[in-house]
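Below, read A as the first sequence line, B as the second, and so on, with proteins coming before strands; counting in each chain starts at 1.
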2 protein chains.
Amino acid sequence: MKNGKPSRKEREYLRHRQEILKVALKLFSEKGFHNVSMHEIAEKSEFAVGTLYKFFSNKEDLYRALMLEASNVFHSSLMAALATSGSELEKIRACVEAKIKVFMDNLDYVRLYMAETQGVSFNVKTSLDPEIMDRYEKFLKQLARVFENGIKKRLFKKFEPYLLAVALDGISNALLFHHVEYPGAHSFDADLIINIFFQQVYEKEDLRDE
Amino acid sequence: MKNGKPSRKEREYLRHRQEILKVALKLFSEKGFHNVSMHEIAEKSEFAVGTLYKFFSNKEDLYRALMLEASNVFHSSLMAALATSGSELEKIRACVEAKIKVFMDNLDYVRLYMAETQGVSFNVKTSLDPEIMDRYEKFLKQLARVFENGIKKRLFKKFEPYLLAVALDGISNALLFHHVEYPGAHSFDADLIINIFFQQVYEKEDLRDE
DNA sequence: TCATATGTTGAATTTTAATTCATATCATGA
DNA sequence: TCATGATATGAATTAAAATTCAACATATGA
């Protein structure tokens, strides 16, 4: 059937790889790296253990691949949001909205990704990829730059921009975590974050103190 | 030597137990639960493996005991701070100060404790003690109550108190984590948290909008 | 001093899970 | 149809820890 497309074997290969990753993501995010065995992944993905090793050189490599994907999804989405045109406040609002969206759209990834960015990587092996840390760092720096510009323009009060970035990220994460753990306990949206954090840090025109 | 104190064997027992816990805390906090073996704990604490099992029925039990201790230290300190007399703002300031202090005084515990409260408990077995979760929950509720009172007295703007509690906690954790990971990168103290979060949520007398 | 209880030891056992690899299956094209 | 290379298989191997327990040490007090 079909003729010589650019690939074919390759697409098959990719599909299989994807399938394995999907199952592994589900399992890792539910039970954590150490509480999932290769046999379990094999079983759930309907491949043999040996086959897994054709796709990933070992368990850690498989995990790393997942983290990388997660990092891609989150990072690109957040960076894109920060690049929005508009005022500094608008950029940041876009960023918070994007964060809530990727968060909700990728709940399985959330647990993996958060274990890396939040509070360093605890348990999992020797803190994985510095690559991922770097990216997170880059995001925070970019966010800090937005704050910095906002401060220069006298839109925001004078706080160390990087710390503002850390703080905003902290609030967002905390609220998102809470929401994921107790959905529906307290309604919650992007505006709330913006309001709690911002309405305030955002300096009212008639109160500039500098 | 010495005569019949209320105990003696018991104090000896406790001392030994304490010694084991101390070593385990150090190791777990450095390398994570799964990357520390009972043999390593035995070696470092200068007991035999078998002896460890006289004190703790298994590895998980040992870990659990540590978490409980950590929880005690943190929880009692934070609750005490919230019970301070004074205005709502003062209570909350006391709480943030207490948090920074216990945090700094117990860096080894921090990693263990945070893995539990922040972002649920990832990796380690089936999310440990609900007891610990309960306590954390209690703390947040108490903090929320303070916010609630502050709102009633028109000291703070009207936000869902529980979410304010989550948010404040989130900011504090994020900044503390950052500080622990990159000490000296950006100076940082209780006032900063209070200012970023509060100066603002705290409603200026001349701006009440309700 | 000796018998008993209490605490300690670490080699041996058991468990658990990662990783390998000889064998089987399948797809392709001669 | 058959030969060949590419893939997939899963029982067998290996590795790493957790846990046990019979033997040893030490303290107590009769």
K.L.:
Measure from CZ on B:Arg17 to P on C:dG7 and round the result to the nearest Å.
P.N.:
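Value for this atom pair: 14 Å.
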K.L.:
Going by the rule salt bridge (Lys or Arg N to Asp or Glu O under 4.0 Å), which residues pair with B:Asp191 if we only count those two or more places apart in sequence or in a different chain?
P.N.:
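Scan of B:Asp191 (salt bridge (Lys or Arg N to Asp or Glu O under 4.0 Å), adjacent residues dropped) gives B:Arg93.
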K.L.:
Verify the contact: side-chain N or O of A:His16 to OP1 or OP2 of D:dT7, cut-off strictly under 4.0 Å; return yes or no.
P.N.:
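False: A:His16 side-chain N/O out of range (4.0 Å or more) of D:dT7 OP1/OP2.
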K.L.:
Just how far, in rounded Å, is P of D:dT7 from CD1 of A:Ile20?
P.N.:
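Nearest whole value for this atom pair: 13 Å.
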K.L.:
Could I get the full list of side chain to side chain contact (heavy atoms under 4.5 Å, CB included) partners for A:Lys141, not counting sequence neighbours?
P.N.:
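If we apply the side chain to side chain contact (heavy atoms under 4.5 Å, CB included) test to A:Lys141, skipping adjacent residues, the hits are A:Glu137, A:Arg145, A:Tyr162.
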K.L.:
Could you give the CD-to-C1' distance, from A:Glu10 to D:dT7, as a whole number of Å?
P.N.:
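For the pair A:Glu10 CD and D:dT7 C1', the rounded distance is 15 Å.
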K.L.:
Enumerate all atom pairs, one protein N or O and one N or O from nucleotides 27-30 of chain D, separated by less than 3.5 Å.
P.N.:
none

K.L.:
Checking A:Glu88 now: which residues fulfil salt bridge (Lys or Arg N to Asp or Glu O under 4.0 Å) with it, not counting sequence neighbours?
P.N.:
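Counting only residues at least two positions away or on another chain, A:Glu88 forms a salt bridge (Lys or Arg N to Asp or Glu O under 4.0 Å) with A:Lys153.
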K.L.:
Who pairs with B:Lys152 by side chain to side chain contact (heavy atoms under 4.5 Å, CB included), at least two apart in sequence or on another chain?
P.N.:
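B:Lys152 satisfies side chain to side chain contact (heavy atoms under 4.5 Å, CB included) with B:Glu148, B:Asn149 once adjacent residues are dropped.
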K.L.:
Considering only residues two or more places apart or on different chains, which pairs with a residue in residues 20-30 of chain B satisfy salt bridge (charged side-chain N to carboxylate O under 4.0 Å, His left out)?
P.N.:
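Residue pairs passing salt bridge (charged side-chain N to carboxylate O under 4.0 Å, His left out), neighbours aside: B:Lys26-B:Glu30.
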K.L.:
Rounded to the nearest angstrom, tell me the gap between atom OH in B:Tyr13 and atom C1' in C:dG7.
P.N.:
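Those two atoms, OH and C1', are 11 Å apart.
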K.L.:
What does the list of N/O pairs under 3.5 Å between the protein and nucleotides 14-18 of chain C look like, with a distance for each?
P.N.:
unit_1: C:dA18; atom_1: OP1; unit_2: A:Lys59; atom_2: NZ; d: 2.7
unit_1: C:dA18; atom_1: OP2; unit_2: A:Met38; atom_2: N; d: 2.7

K.L.:
Tell me: NZ of B:Lys54 to P of D:dC24, nearest whole Å?
P.N.:
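Between P of D:dC24 and NZ of B:Lys54: 15 Å.
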K.L.:
Is the Lys NZ or Arg CZ of B:Lys59 less than 6.0 Å from the centre of B:Phe33's six-membered ring, within 45° of the axis?
P.N.:
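Ring-cation test returns yes.
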K.L.:
Tabulate below the donor-acceptor pairs under 3.5 Å that side-chain atoms of residues 43-51 of chain A make, not counting sequence neighbours, or state none.
P.N.:
unit_1: A:Ser45; atom_1: OG; unit_2: A:Ile41; atom_2: O; d: 2.7
unit_1: A:Ser45; atom_1: OG; unit_2: A:Ala42; atom_2: O; d: 3.2
unit_1: A:Thr51; atom_1: OG1; unit_2: A:Ala48; atom_2: O; d: 3.4

K.L.:
Whole-Å distance between D:dA17 P and B:Glu60 CD?
P.N.:
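Distance, rounded to whole Å: 17 Å.
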K.L.:
Assess whether a salt bridge exists between B:Arg64 and B:Glu60, defined as any Lys/Arg side-chain N lying under 4.0 Å from an Asp/Glu carboxylate O.
P.N.:
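A salt bridge is present here (some side-chain N lies under 4.0 Å from a carboxylate O).
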K.L.:
Nearest-Å distance, CZ (B:Arg11) to P (C:dG7)?
P.N.:
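Taking CZ of B:Arg11 and P of C:dG7, I get 15 Å after rounding.
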K.L.:
Kindly state each residue pair satisfying salt bridge (charged side-chain N to carboxylate O under 4.0 Å, His left out) with at least one member in residues 66-75 of chain A, sequence neighbours excluded.
P.N.:
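Qualifying pairs: none.
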K.L.:
Measure from CZ on B:Phe55 to C1' on C:dT6 and round the result to the nearest Å.
P.N.:
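Result: 12 Å.
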K.L.:
Tell me, please, which residues at least two apart from A:Glu12 pass salt bridge (Lys or Arg N to Asp or Glu O under 4.0 Å).
P.N.:
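With sequence neighbours excluded, A:Glu12 shows a salt bridge (Lys or Arg N to Asp or Glu O under 4.0 Å) to A:Arg15, given in chain and number order.
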K.L.:
Going by number, which of residues 41-50 of chain B have a non-hydrogen atom under 4.0 Å from DNA chain D?
P.N.:
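Within this stretch, B:Val49, B:Gly50 sit under 4.0 Å of the strand.
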K.L.:
Which residues pass the salt bridge (Lys or Arg N to Asp or Glu O under 4.0 Å) test with A:Asp189, sequence neighbours left out?
P.N.:
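By the salt bridge (Lys or Arg N to Asp or Glu O under 4.0 Å) rule, A:Asp189 matches no residue at all.
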